[in-house]
Amino acid sequence: MLGTRGVVLRAGGRQFTRVLSGLNPSEGSPDQCSGPMVATRSLSSEAPPQGPRVPPASGATMPDTEASYPTLEKLGLIAAEHVRIKDPAKVEELVNTIISGGFSRLQLVVDFDFTLTRVHMGGQRCHCSWGIMDNSPDMPEYYREEANQLLAKYYPIEVDPKMTEEEKIPYMVEWYQKIHDLLVKCSIKQASIEGMVSASSARLRDGSEELCQKLHRAGVPVLVLSAGMGDVLEQVLRHFKVYTDNVKVVSNFFKYNDQGIMVGFKGSLIHMFNKNEDAIHSSDYFEKLQNRTNVILMGDSLGDIKMALGVPQPSSVLKIGFLNDKIVERLPAFMDNFDIVLLDDQTMDVANSIVDLLK
């Protein structure tokens, strides 16, 4: 059952891709939640996940010890072994701009699965939003069987390093559409989603609830942008009492008939590669927040860095990346795209420490 510290917020993200408990494809990361994945094994049958190998800090990835970065040092980011910063001078400036702007100029744009939620806890892998439904006994067995067949076909394409993002997109759209059709066949009851969430192993990163509370008290807008299932994400937010009036969720939402049975999806498809193109960026959401030019963006995939592209004339966009798996292989690309990279960090300590300096 979910504990007092649970899942939440990551409605934002490439997370139509879900890494489910027990799934370990031959390619890619079992910790990712990035394509419509399904696991047929339960968490209880898994060996406890091993912590990812964290590469030692080197001069190429950590700041010059002779330079002075007082704010980063105050935040404890210089000496932390699990933190990587490629350009500390840039990050020092970004953080100082955010701090000096205060709460009135701040907004957050965040991914959900494995960004606001934990990847693992107590030796077991936690469910992402797709995992909540995929591992529920309320779902028919044929759903898992057919979804795994689609996974075997499309997941290698998603992680193929030789294909460009543009080449992958048509296949990802096709994958999602087939999963959508499969979900419709399952006749999911709207009333069953609450039970699925309550019975899942999803958990918030330590400190997520505190962060949400601080942002709510300060009236800071939080956009949760996810390629997952919005109905599940919203229920998670409600379950942990963090779906407050400052939080907006943009995701793939179910459409129900008069009997409360899922019959399709609303609006346009959001997938892991179009977070800069979905409805939120063509709406007036960011325009209404045009005075909030300081942004903290958090995600766990390279596709997440696009989430704040709709912010008009941003003063400071601090991109925090959670690198959960395949750390050695993926670290260079993460450091090239995120300002701060956190290696297998299951907390919200960095975001909380920055917010604590604001007034």
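Keep in mind that what you see is a predicted model, and the values were worked out from it rather than measured.
Checked by atom type and distance alone, the side chain of Asn246 never pairs as donor or acceptor with a backbone atom of Gly219 at under 3.5 Å. Side-chain atoms of Ser201 never come within 3.5 Å of backbone atoms of Cys126 as a donor-acceptor pair (strictly under, hydrogens ignored). Not one N or O on the side chain of Asp87 forms a donor-acceptor pair closer than 3.5 Å with the backbone of Asp339. Counting only distance, with no hydrogens or angles, the side chain of Gln107 and the backbone of Val295 share no donor-acceptor pair below 3.5 Å. Proximity of a side-chain donor or acceptor of Thr71 to a complementary backbone N or O of Glu92 within less than 3.5 Å is not detected.
In this structure, the separation between NZ on Lys178 and CD on Gln149 is 11.0 Å, given to the nearest 0.5 Å. Atoms CE and CG, from Met196 and Asp231 in turn, are 11.0 Å apart once rounded to the nearest 0.5 Å. In this structure, the separation between CG on Asp356 and CD1 on Ile99 is 10.5 Å, given to the nearest 0.5 Å. The CE atom of Met133 lies 5.0 Å from the CD1 atom of Ile193; values are rounded to the nearest 0.5 Å. Of the inter-residue distances, the one linking Asn291 atom CG with Leu106 atom CG reads 13.0 Å to the nearest 0.5 angstrom. Thr347 contributes atom OG1, which lies 7.5 Å from atom CG of Leu342 (distance to the nearest 0.5 angstrom).
The two residues Gly101 and Asn294 have their closest heavy-atom pair at CA-ND2, 3.8 Å. The shortest heavy-atom contact between Ala227 and Asn252 is O-ND2, 3.1 Å. The shortest heavy-atom contact between Met229 and Ser129 is CE-O, 3.9 Å. The two residues Phe338 and Leu302 have their closest heavy-atom pair at CE1-CD2, 4.2 Å. The two residues Val236 and Val197 have their closest heavy-atom pair at CG2-CG1, 3.7 Å. In terms of heavy-atom proximity, Val222 sits nearest to Tyr285 at C-OH, 4.0 Å.
Asp325 places none of its side-chain heavy atoms less than 4.5 Å from the side chain of Val119. Taking the side chain as every heavy atom from C-beta outward, Thr115 and Ile320 never approach each other to under 4.5 Å. Here the side chains of Leu343 and Leu331 are in contact, with some heavy-atom distance below 4.5 Å. Val224 is not listed as a side-chain neighbour of Lys248, based on a closest heavy-atom distance of 4.5 Å or more. Within the 4.5 Å cutoff, the side chain of Leu223 has no heavy atoms near those of the Leu108 side chain. Gln346 has its side chain within reach of Asp344: a pair of non-hydrogen atoms, C-beta onward, lies under 4.5 Å apart. You'll find the side chain of Val341 stays beyond 4.5 Å of the side chain of Ile85, heavy atoms only. The shortest side-chain heavy-atom distance between Met163 and Ile157 falls under the 4.5 Å cut-off.
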inquiry  = Walk me through whether Leu211 and Met298 qualify under side chain to side chain contact (heavy atoms under 4.5 Å, CB included).
reply    = CA-CA 13 Å; Leu211 177 63; Met298 292 187 286; 4.3 Å; yes
Side chain to side chain contact (heavy atoms under 4.5 Å, CB included) assessment of Phe253 paired with Val232 = CA-CA 9 Å; Phe253 286 93; Val232 175; over 6 Å; no
query = Step by step, would you call Met139 with Leu183 a side chain to side chain contact (heavy atoms under 4.5 Å, CB included)?
reply = CA-CA 9 Å; Met139 296 296 290; Leu183 286 168; 4.1 Å; yes
Evaluation steps, salt bridge (Lys or Arg N to Asp or Glu O under 4.0 Å), between Lys306 and Glu165 = CA-CA 13 Å; Lys306 303 175 181 179; Glu165 182 174 301; 2.2 Å; yes
task = Quick one: do Val110 and Ile296 satisfy side chain to side chain contact (heavy atoms under 4.5 Å, CB included)? Show the steps, please.
result = CA-CA 8 Å; Val110 301; Ile296 295 177; over 6 Å; no
task = Check the pair Lys90 / Glu93 against salt bridge (Lys or Arg N to Asp or Glu O under 4.0 Å), numbers first and verdict last.
result = CA-CA 5 Å; Lys90 173 188 175 184; Glu93 181 178 357; over 6 Å; no
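Counted by atom type alone, Lys319 and Asn337 present zero donor-acceptor pairs between their side chains at under 3.5 Å. Using modelled atom types, one finds no donor on one side chain facing an acceptor on the other under 3.5 Å when comparing Asn148 with Glu146. A donor-acceptor contact under 3.5 angstrom links the side chains of His82 and Asp345, judged on distance only. Side-chain atoms of Tyr142 and Lys185 include no donor-acceptor pair closer than 3.5 Å. Side-chain contact annotation: His120 with Asn324, donor-acceptor N/O pair under 3.5 Å absent. Between the side chains of Ser315 and Thr293, at least one donor-acceptor pair of N or O atoms lies under 3.5 Å.
Crowding of Glu194 atom CD: a count of heavy atoms from other residues, nucleotides or ligands under 6.0 Å not exceeding 12.
Note on ring orientation: taking the six-membered ring where Trp is involved, the planes of Phe254 and Tyr256 are perpendicular (angle over 60°, cut-offs 30° and 60°).
Under 4.0 Å is where a charged nitrogen must lie from a carboxylate oxygen, and between Arg118 and Asp206 at least one such pair does.
Not counting sequence neighbours, the partners of Arg238 by the salt bridge (charged side-chain N to carboxylate O under 4.0 Å, His left out) test are Glu234.
Cation-pi geometry between Arg203 and Phe240 is not met: the NZ or CZ atom fails to fall both under 6.0 Å from the ring centre and inside 45° of the normal.
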Side-chain donor-acceptor distances from residues 257-267 under 3.5 Å, at least two apart:
from: Asn257; atom 1: OD1; to: Gln259; atom 2: N; distance (Å): 2.9
from: Asn257; atom 1: OD1; to: Gly260; atom 2: N; distance (Å): 3.1
from: Asn257; atom 1: OD1; to: Ile261; atom 2: N; distance (Å): 2.9

